Each structure stands twice: as structure tokens, then as C-alpha cells.
There are 2 protein chains.
Amino acid sequence: MVAEKVFTQLRRGTLEFCVLALLQGEPRYGFELVKALGEVDGLVTTEGTIYPLLARLRREGLVETSWRESESGPPRRYYTSTAEGGQALAAFTADWQRFCASVDAILENGRRG
Amino acid sequence: MVAEKVFTQLRRGTLEFCVLALLQGEPRYGFELVKALGEVDGLVTTEGTIYPLLARLRREGLVETSWRESESGPPRRYYTSTAEGGQALAAFTADWQRFCASVDAILENGRRG
DNA sequence: TCCGCTACCATGCGACACAAGGTACCTGTC
DNA sequence: GACAGGTACCTTGTGTCGCATGGTAGCGGA
């Protein structure tokens with residue numbers, strides 16, 4: 001479908017906070033996040049997107065990391081949301097709802113003509 | 001507000017179709033669109049964004065243009081949605097709703113922890 | 001005459017998602 | 001014990017798109 005390109009643009013700005021939401025209360029590692037997002041409609045992504053994104057979140061102090069051995073395979077870097085990450089997520093959630101309401105209103109308007 | 005940056009990313013991909021929605025049934029010119037979007041929360045934008053965007057829509061055949069004299073000031077280039085533009089808008093609206101549902105679900109999940 | 005408004009457009013930049021490729025470790029098979 | 005394949009990490013280069021900036025031109029008021 002050509003419409004996949006649309007989602008690529010829509011993901012911008014939201015993916016970051018979807019990851020943050022997935023990390024609330026539950027530490028996860030990069031590969032796991034890719035698989036979790038892959039199951040959600042419109043949020044399919046790859047490692048090439050996730051790792052730079054996680055590095056950014058870490059630089060901004062929104063997540064913390066720790067290495068853990070795996071029972072099978074290489075060690076994993078687990079990501080945990082900080083308190084600051086939780087606040088950022090809450091702020092975004094509010095912004096997101098405002099934004100959705102605005103877009104919905106305009107699209108609705110357009111449908112009527 | 002620093003949060004303005006968030007909206008910059010959220011606008012990606014949606015702005016294009018918000019413009020298309022505003023053009024449904026009613027021809028408008030560029031400057032008018034900037035003012036119309038400026039009144040909507042989270043969609044404030046400038047000419048530097050709108051004109052390249054309109055040029056893109058025109059290249060893709062989603063809008064058509066015509067010049068009209070203005071009673072006061074320089075002539076205006078009016079943009080009208082084509083049938084193809086209407087179809088693209090309908091397709092996007094469906095994608096947008098799916099995407100919103102996905103993001104809402106993940107954000108909700110994160111809030112519970 | 002000169003400032004400011006309306007209205008158009010072009011150029012260059014930065015942020016971000018993604019494709020592609022690279023490293024390293026473990027497991028199973030021949 | 002060599003080697004294919006899976007897991008998991010990360011880096012580099014590319015393309016898109018919103019936006020800042022700036023430039024042109026006509027009109028009206030001080």
C-alpha cells in the first residue's frame with residue numbers, strides 16, 4: 001500500500017512517547033520494543049529507528065539504562081523511565097489530545113464541505 | 001512554551017490534509033489558509049510552510065489553482081480541491097483514525113503503568 | 001515620499017524515521 | 001571445530017517535511 005508513507009509521517013513525534021509509555025512501570029530492551037510496536041497498527045518500526053530514539057531519550061534524562069545477562073543470547077540493555085520521563089509523557093498526552101481534537105474538527109469540517 | 005516543538009513534529013503529514021479539508025467545497029488562497037490555521041490550536045503555521053505544501057499538492061494533482069483579482073491588494077491564487085484530492089482526504093481520514101486509536105491505546109496503557 | 005500591509009514565492013537548514021550495514025555472542029548441525 | 005542462523009546491540013547515510021529567512025510587488029495612509 002502506498003498509504004504506508006502516510007504513517008511514516010504520522011509517527012513523527014509520537015513514536016518517542018509511545019516508547020516512553022511502554023516503559024512505564026516495566027523495564028524493556030530495544031529489540032523487545034521493536035517487536036511490541038510491530039504488533040500495533042501504524043506503529044511498525046525497525047531497530048534503525050528505535051536505537052537512535054532510545055539514545056536521544058537517554059541524553060535527555062527521560063530514561064535510564066542497565067545491562068542484564070540473558071539466559072539465551074547476548075546481554076540486553078534494559079531501559080527504565082525516570083520520573084522526568086513520566087512527567088514528559090503526561091505533558092505529551094495532554095498536547096496529543098488537544099492536537100487530535102483540532103485535527104478531528106478540521107477533518108470533520110472538510111467532510112461536510 | 002517549549003512544548004511548541006512537539007506540535008512541529010505532530011503537524012508532519014497531517015497539515016497537508018488539514019489544508020485539503022479546508023479546501024473542500026470552498027476555494028481559498030494561501031494567505032487565507034495561514035490565517036485560518038492560525039486560529040486552530042496546534043496548527044499555527046506560516047507562509048514558508050504553506051506555499052511549498054500547496055505547490056506539492058498541485059504537483060500531485062490534488063488541487064487546482066486560478067488567479068483572481070482582489071479588491072484591495074495584489075491578485076490572489078485560489079486553490080480548489082480536485083476529485084482526486086477529495087479521495088485522498090477520505091483515505092487519510094480513515095488512516096488517521098486508525099493511527100489515533102493505536103496511539104491512544106498505548107498512551108492509556110502507559111498511564112496505568 | 002516612505003512606511004506598513006497584503007500576497008506571492010524561493011532557498012537553506014534541522015529534526016527525525018528508516019534502510020543498510022557492521023559487530024558480537026549463543027545455539028545447533030554437520 | 002567450523003559454520004550457519006538467530007539474537008541483540010549500534011552506526012552511517014538518505015529523504016522528507018516544517019520552518020526561518022528573505023525577496024518581489026502592489027496598494028493605502030501619514
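Numbers restart at 1 for each chain; the letters A, B, ... are given by sequence-line order, proteins then strands. Computed from a predicted structure; not experimentally measured.
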With the side chain of B:Thr46 defined as its heavy atoms from C-beta on, choose the nearest nucleotide among D:dA20, C:dT6, C:dC8.
D:dA20
If you check the A:Leu15 side chain, which of C:dA17, D:dT7, C:dT6 turns out closest?
C:dA17
When we call it a touch if two heavy atoms are under 4.0 Å apart, what does A:Tyr79 touch: a base, just sugar-phosphate, or nothing?
sugar-phosphate
Less than 4.0 angstrom between a side-chain N/O of B:Arg56 and OP1 or OP2 of D:dG18, yes or no?
yes
When rounded to the nearest 0.5 Å, the distance separating CG of B:Leu43 from CZ of B:Arg11 is 7.0 Å
Spacing of B:Leu33 atom CG relative to C:dC8 atom P, expressed in whole Å:
9 Å
Per atom distances to the A:Arg77 side chain, the nearest of C:dC9, D:dC10, C:dA7 is D:dC10
Return the CG to OG1 distance between A:Leu37 and A:Thr46, rounded to the nearest 0.5 Å.
11.0 Å
Counting just side-chain N and O atoms, does A:Lys35 come under 4.0 Å of either OP1 or OP2 of D:dA8?
yes
Rounding to a whole Å, what distance do you find between B:Glu16:CD and D:dC17:C1'?
9 Å
Under 3.5 Å side-chain donor-acceptor pair for A:Glu64 and A:Thr82
no
Out of D:dC19, C:dC8, D:dC9, which nucleotide sits closest to the side chain of B:Thr8?
D:dC19
Students often get this wrong, so: under 4.0 angstrom with heavy atoms, is A:Glu47 touching a base, only sugar-phosphate, or nothing?
base
Rounded to the nearest 0.5 Å, the CG atom of A:Leu89 sits from the CG atom of A:Leu62 at a distance of 10.0 Å
Nearest whole angstrom, please: distance from the C1' of D:dG18 to the CZ of B:Phe17.
15 Å
For A:Leu53 and C:dA15, what is the distance between atoms CG and C1' respectively, to the nearest whole Å?
12 Å
Over all strands shown, is B:Arg12 touching base, sugar-phosphate only, or nothing at heavy-atom distances under 4.0 angstrom?
base
Is it possible for you to check whether B:Arg68 lies under 6.0 Å from the centre of the six-membered ring of B:Tyr78, through NZ or CZ, and within 45° of that ring's axis?
yes
Which nucleotide sits closest to the side chain of B:Pro74: C:dA7, C:dC9, D:dA8?
C:dA7
With a 4.0 Å cutoff (strictly under), does any side-chain N or O of A:Tyr29 reach OP1 or OP2 of D:dC9?
no
In whole angstrom, what separates B:Leu10's CG from C:dA15's P?
17 Å
Rounded to whole Å, how long is the line connecting atom CD of B:Glu60 with atom C1' of D:dC17?
12 Å
What is the separation between atom CG on A:Leu43 and atom P on C:dA17, rounded to the nearest whole Å?
11 Å
Return whichever of A:Pro75 or A:Thr45 has its heavy-atom-nearest nucleotide of DNA chain C closer to the 5' end.
A:Thr45
Among C:dC18, D:dG26, C:dA15, find the nucleotide with the atom closest to the side chain of A:Thr49.
C:dC18
Sugar-phosphate only, base, or nothing, as touched by B:Gly48 at under 4.0 Å among non-hydrogen atoms:
base
Atom CZ of B:Phe7 to atom P of D:dC17: distance rounded to whole Å?
21 Å
With the side chain of A:Tyr51 defined as its heavy atoms from C-beta on, choose the nearest nucleotide among C:dC9, D:dA8, C:dC18.
D:dA8
Which label fits A:Phe17 and A:Phe92: parallel for a plane angle under 30°, tilted from 30 to 60°, or perpendicular past 60°?
parallel
